[in-house]
J.: 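Got a structure for you, written out below as structure tokens; questions coming shortly.
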Amino acid sequence: MKRILVTGGAGFIGSHLCERLLKEGNDVICLDNYFTGSKDNIRHLIGNDHFELVRQDVIFPYFAEVDEIYNLACPASPPHYQYNPIKTIKTSVMGAINMLGLAKRTKAKILQASTSEVYGDPIIHPQVESYWGNVNPIGIRSCYDEGKRCAETLFMDYHRQNNVRIKIVRIFNTYGPRMNPNDGRVVSNFIVQALKNEDITIYGDGLQTRSFQYIDDLVEAMVRMMATSDDFTGPVNTGNPGEFTMLELAQKIIDLTGSKSKIIYMPLPGDDPKQRQPDITLAKEKLGWEPQIKLEEGLLKTIPYFEDVLSGKNPY
Ligand code: NAD
Ligand code: UDP
């Protein structure tokens, strides 16, 4: 049995990961400051003898004896990470330093939840891991993008300088149950708007693209990445190559919910990337992984969760 620390474990992705790691027979410590996560996401795990909850901010050091660390603590939706941008960059950078220090002392393997945002507004399409990106260092998304880029640098330097066993996954847009309905990200916004028959808010002309990965596919990739041999550090992309415009996504969600919502257009936020699609050749080769769940199937698994949330039923 391994003892595994999941920072950001009460968030959307973290809660699914904690569940999976417990199912595999591990001891799991979930560390979270509940900035964007919630105890609701992990309430069903409380009471399990192998699950521990720690209220802690990753910008402060944390001491425990652990075998593996998944470092997810960081707000992920643009409205949330821009709410307190200085805190966001501190979370990424100081959080990485604290968790890498813990990994160094305990000789734990450590996996960083990095992001497709390290590619910024990409000029290379689809994005391959060797691409260095096109990131504005002084824009409104920079606190997140540059924080995550700096965290990758720290991971590589702890690896080169101190032989810390690191793993970096670059996660592309992921969705599924337990996304916060007020999160502000596109999939949750559109489903909530569609279910309430409210206007669907497209930012810009809606022709920008994203590639959406269902949560179960991501968790599988993360667990497989952690299990790879020490000589494979990544970064490795994890995402679903199916690429859609925001207009296509809106129409799909209207159709699947049978909504009466109309599409309206709102200003495009600054530095919003125009296109995004993962090249997953490396993940296929090194993890023997590729996503199994197509967008429509994943949306059909996600919509009932939001229906429950909106009708006041317990969705968990
Ligand atoms: P989320 O907001 O649901 O989860 C983040 C969790 O981290 C929350 O529980 C939050 O309370 C916690 N947290 C934030 N700041 C913290 C701090 N200073 N100390 C301790 N805990 C803190 O978002 P998510 O979608 O689950 O994202 C999880 C991770 O995956 C993030 O690091 C994010 O950057 C990364 N990621 C997510 C996506 C995606 O599409 N969901 C894409 C790329 C990368
Ligand atoms: N978006 C949108 N309407 C919304 C929320 C987001 O059109 O209500 C757009 C947003 O401008 C971006 C895309 O959807 O082009 C994905 O946004 P999200 O915040 O989900 O993720 P990110 O931009 O970080 O990929």
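What you see below is based on every heavy atom in this structure, not just the backbone, and it leaves out hydrogens, waters and symmetry mates. Numbering of ligands and ligand atoms starts at 1, following listing order.
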J.: Using a strict cut-off of 4.0 Å, indicate which atoms of ligand 1 neighbour a heavy atom of D57.
T.: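 It comes down to these atoms of ligand 1: 17 (C), 18 (N), 19 (N).
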J.: Would K148 and E152 pass as an ion pair if we require N to O under 4.0 Å?
T.: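 The answer is no: the pair does not qualify as a salt bridge.
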J.: Does Q56 reach ligand 1, in the sense of a heavy atom lying below 4.0 Å from it?
T.: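 Yes.
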J.: Between C74, P75, S116, which one has a non-hydrogen atom sitting closest to atom 5 (C) of ligand 1?
T.: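 Minimum heavy-atom distance to atom 5 (C) of ligand 1 goes to C74.
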J.: Among protein heavy atoms, which sits nearest to atom 20 (O) of ligand 2, and what does the distance come to when rounded to 0.1 Å?
T.: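 Scanning the protein heavy atoms, the shortest distance from atom 20 (O) of ligand 2 goes to V186 N, 2.8 Å.
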J.: Could you tell me which atoms of ligand 2, counted from 1 in the order shown, lie closer than 4.0 angstrom to a heavy atom of P78?
T.: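 Here the atoms of ligand 2 in question are 19 (O), 24 (O).
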J.: Is N71 reaching over with its side chain to a backbone N or O of Q112, donor-acceptor style, under 3.5 angstrom?
T.: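 No: the side chain of N71 does not pair with the backbone of Q112.
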J.: Taking only Lys NZ, Arg NE, NH1 and NH2, and the carboxylate oxygens of Asp or Glu, determine whether D183 and R178 approach each other closer than 4.0 Å.
T.: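 A salt bridge is absent here (no side-chain N lies under 4.0 Å from a carboxylate O).
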J.: Assess the residue pair T228 and L287 against the criterion (side-chain contact (heavy atoms from CB on, under 4.5 Å)); give the C-alpha distance rounded to whole Å, side-chain angles, the decisive distance to 0.1 Å, and a yes or no.
T.: CA-CA 7 Å; T228 54; L287 313 182; 3.5 Å; yes
J.: Would you check whether K90 reaches within less than 4.0 Å of ligand 1, judged by its heavy atoms?
T.: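 Not so, K90 does not reach ligand 1.
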J.: Could you list which atoms of ligand 1 come closer than 4.0 Å to a heavy atom of N173?
T.: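 Going through ligand 1 atom by atom, the ones under 4.0 Å from N173 are 40 (O).
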J.: Considering only the protein, which heavy-atom contact is closest to atom 17 (C) of ligand 1, and what is its distance?
T.: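 For atom 17 (C) of ligand 1, the nearest protein heavy atom comes out as N33 ND2, 3.3 Å.
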J.: Considering only protein heavy atoms, which is closest to atom 28 (C) of ligand 1, and at what distance to one decimal place?
T.: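 Of the protein heavy atoms, L72 O, 3.7 Å lies nearest.
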J.: Side chain, backbone, both or neither: which applies to E117 and ligand 1 if a contact is any heavy-atom pair less than 4.0 Å apart?
T.: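 Answer for E117: neither.
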J.: Do side-chain atoms of N162 reach the backbone of V164 as a donor and acceptor pair under 3.5 angstrom?
T.: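 Looks like no, no N/O pair under 3.5 Å.
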J.: What is the closest protein heavy atom to atom 11 (O) of ligand 2, and at what distance does it sit?
T.: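 Among all protein heavy atoms, the one nearest atom 11 (O) of ligand 2 is D272 OD2, 2.6 Å.
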J.: Any idea which of S15, G8, G14 brings a heavy atom closest to atom 6 (C) of ligand 1?
T.: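 The residue whose heavy atom sits nearest atom 6 (C) of ligand 1 is G8.
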J.: Any idea which atoms of ligand 2 are less than 4.0 Å away from a heavy-atom of Q208?
T.: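 Here the atoms of ligand 2 in question are 9 (C), 11 (O), 15 (O).
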J.: Please could you name the atoms of ligand 2 that E117 approaches to less than 4.0 Å, counting only its heavy atoms?
T.: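 Near E117, meaning under 4.0 Å from one of its heavy atoms, ligand 2 has 24 (O).
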J.: If you measure from each non-hydrogen atom of M266 to ligand 2, which part falls under 4.0 Å: side chain, backbone, both or neither?
T.: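 No part of M266 comes within reach of ligand 2.
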J.: Does atom OH (Y83) have a neighbourhood of more than 12 heavy atoms from anything else shown, all under 6.0 Å?
T.: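 Count not over threshold, so no.
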J.: Establish, from distance only, whether the side-chain atoms of E243 and S211 form a donor-acceptor pair under 3.5 Å.
T.: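 On atom types as modelled, these side chains do not qualify, holding no pair under 3.5 Å.
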J.: Which atoms of ligand 1 have any heavy atom of Y34 under 4.0 Å away?
T.: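 Heavy-atom distances to Y34 below 4.0 Å select 11 (O).
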J.: I'd like to know if G95 contacts ligand 1, where contact means a heavy-atom distance under 4.0 Å to any ligand atom.
T.: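 False for this residue.
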J.: Indicate yes or no: does R105 engage E65 in a salt bridge with an N to O separation below 4.0 Å.
T.: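 Answer for the salt bridge query: yes.
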J.: For Q193, is the nearest heavy atom under 4.0 Å from an atom of ligand 2?
T.: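 It does not; every heavy atom stays at 4.0 Å or beyond.
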J.: For ligand 1, indicate whether the residue S38 contacts it via side chain, backbone, both or neither (heavy-atom separation under 4.0 Å).
T.: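 Within the 4.0 Å criterion, S38 makes no contact with ligand 1.
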J.: Any atoms of ligand 2 less than 4.0 Å from a non-hydrogen atom of R141? List them with their elements.
T.: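 Near R141, the atoms of ligand 2 are 22 (P), 23 (O), 24 (O).
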J.: Look at ligand 1 and say whether I59 reaches it with a heavy atom at a distance under 4.0 Å.
T.: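 Distance cut 4.0 Å: I59 fails for ligand 1.
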J.: Would D255 and K252 pass as an ion pair if we require N to O under 4.0 Å?
T.: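 A salt bridge is absent here (no side-chain N lies under 4.0 Å from a carboxylate O).
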J.: Could you check atom 5 (C) of ligand 2 against the protein and tell me its nearest heavy-atom contact, residue, atom and distance included?
T.: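 Residue, atom and distance for the closest contact: Y203 CE1, 3.3 Å.
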J.: Considering only heavy atoms of S114, which atoms of ligand 1 have at least one such atom less than 4.0 Å away?
T.: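 Close to S114: 43 (C), 44 (C).
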J.: Enumerate the atoms of ligand 2 whose separation from the nearest heavy atom of I202 is less than 4.0 angstrom.
T.: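 Within the 4.0 Å cut-off of I202, ligand 2 contributes 7 (O).
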J.: Which of the atoms of ligand 2 are close to N173, meaning less than 4.0 Å from one of its heavy atoms?
T.: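 Those atoms are 21 (O), 22 (P), 25 (O).
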J.: Check the hydrophobic clustering (I, L, V, M, F, W, Y; side-chain heavy atoms under 4.5 Å; chains of links allowed) and say if Y119 and I280 are grouped together.
T.: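 No, it is not one cluster - the side chains of Y119 and I280 are not joined through contacts under 4.5 Å.
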J.: Going by the closest heavy atom to atom 36 (N) of ligand 1, which one wins out of Y144, Y70, F12?
T.: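 Shortest heavy-atom distance from atom 36 (N) of ligand 1: Y144.
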J.: Which of the numbered atoms in ligand 2 are below 4.0 angstrom from a heavy atom of N189?
T.: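 Listed by number with element, the hits are 4 (C), 5 (C), 8 (O).
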J.: Within ligand 1, which atoms have a heavy atom of G37 less than 4.0 Å away?
T.: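 So the answer, numbered in order with elements, is 8 (C), 9 (O), 10 (C), 11 (O).
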J.: Checking a contact table here: which protein heavy atom is nearest atom 41 (N) of ligand 1, and how many Å away?
T.: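 Of the protein heavy atoms, R185 NH1, 2.8 Å lies nearest.
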J.: Can you pull out the closest protein heavy atom to atom 13 (C) of ligand 2? Residue, atom name and distance to 0.1 Å, please.
T.: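 It is M246 SD, 3.7 Å.
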J.: Against heavy atoms of T201, which atoms of ligand 2 measure under 4.0 Å?
T.: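 Close to T201: 2 (C), 3 (N), 4 (C), 7 (O), 8 (O).
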